[in-house]
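Read the structure below first, then the notes.
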Amino acid sequence: MKSGTADAATLRILAAIRAVPAGQVAGYGHIARRAGLPGRARLVARVLGVSTDTTLPWHRVVRSDGVIAIPRGTPGHDEQVRRLRSEGVTVTNGRVRMPRSADGDALDAALWGPTPRR
DNA sequence: ACGCTGACATTGT
DNA sequence: AACAATGCCAGCG
């Protein structure tokens, strides 16, 4: 029976999103890769769309360019911006200040690099 | 089975 | 920074 069990991929994606620390943002591709699904950024997007999990920090997930994935003028976009600012993230014109190359990548590698899978 | 759409990424211009 | 092209996969009609 199917019961309320989602696919393994979905669970891994959700776990990866929850692993993102507050005040920090991650790209869809980044999350996908962390979930063991390289190239499946779109899948991550869809999962977020259907997921109703309020405990999920979906607002910390943005596009690789730092642009909010939700179109402007929608309540979702507004709420995401509000939450990000609430966590100390600088958001300007629907775009968040992304940790460019070097430090961002290095820090990420230091956090979740040499320890894949939990 | 087929074509479109989508909370995307990467590369090139 | 912005746009175009290509890749990628899951839903929907």
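Sequence lines set the chain letters: A, B, ... in the order given, protein chains first and strands last, and positions in each chain run from 1. Just the heavy atoms: all of them, side chains too, but no hydrogens, waters or symmetry mates, feed the values below.
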Under-4.0 Å side-chain N/O to phosphate OP1/OP2 contact, A:Arg33 with C:dC8: no
Short side-chain N/O contact from A:Arg95 to OP1 or OP2 of C:dA1, under 4.0 Å: yes
Between [N] atom [atom2] and [X] atom [atom1], what is the distance in whole Å?
X	N	atom1	atom2	result
A:Arg72	B:dA7	CZ	P	17 Å
A:Arg34	B:dC8	CZ	C1'	19 Å
A:Ile68	B:dC8	CD1	C1'	15 Å
A:Ile13	C:dC8	CD1	P	17 Å

Please write out the pairs of protein N or O atoms and N or O atoms of nucleotides 9-13 of chain B separated by less than 3.5 Å, giving the distance to one decimal.
from  : atom 1 : to      : atom 2 : distance (Å)
B:dA9 : OP1    : A:Tyr28 : N      : 3.3
B:dA9 : OP1    : A:Ser64 : N      : 3.1
B:dA9 : OP2    : A:Ser64 : N      : 3.1

Smallest separation among heavy atoms of A:Val20 and A:Ala26, with atom names: CG2-CB, 4.0 Å
Whole-angstrom distance between B:dA7 and C:dG13, as gauged at atom P: 15 Å
C1' gap between C:dG7 and B:dG6, integer Å: 14 Å
Quiz: residues 84-92 of chain A side-chain donor-acceptor pairs under 3.5 angstrom, not counting sequence neighbours:
from    : atom 1 : to      : atom 2 : distance (Å)
A:Arg85 : NH2    : A:Val91 : O      : 3.0
A:Glu87 : OE1    : A:Gly23 : N      : 3.1
A:Glu87 : OE1    : A:Arg60 : NE     : 3.0
A:Glu87 : OE2    : A:His59 : NE2    : 3.0
A:Glu87 : OE2    : A:Arg60 : NE     : 3.4
A:Glu87 : OE2    : A:Arg60 : NH2    : 2.9

A:Leu43, nearest nucleotide to its side chain (from C:dC8, C:dA1, C:dA10): C:dA10
Check: A:Val62 and A:Val67 side chains under 4.5 Å, non-hydrogen atoms: no
4.5 Å side-chain heavy-atom contact, A:Asp78 and A:Ile70: no
Non-neighbouring partners of A:Asp53 that pass salt bridge (charged side-chain N to carboxylate O under 4.0 Å, His left out), sequence neighbours left out: A:Arg18
Spacing of A:Leu37 atom CG and A:Leu43 atom CG [to the nearest 0.5 Å]: 6.5 Å
DNA chain B contacts made by residues 44-55 of chain A, counting heavy atoms under 4.0 Å: A:Ala45, A:Leu48, A:Gly49
Qualifying residues under side-chain hydrogen bond (donor to acceptor under 3.5 Å, both in side chains), relative to A:Asn93, sequence neighbours excluded: A:Arg72
Side chain to side chain contact (heavy atoms under 4.5 Å, CB included) partners for A:Arg42, two or more places apart: none
Which residues share a side chain to side chain contact (heavy atoms under 4.5 Å, CB included) with A:Ala69, sequence neighbours left out: A:Tyr28, A:Arg63
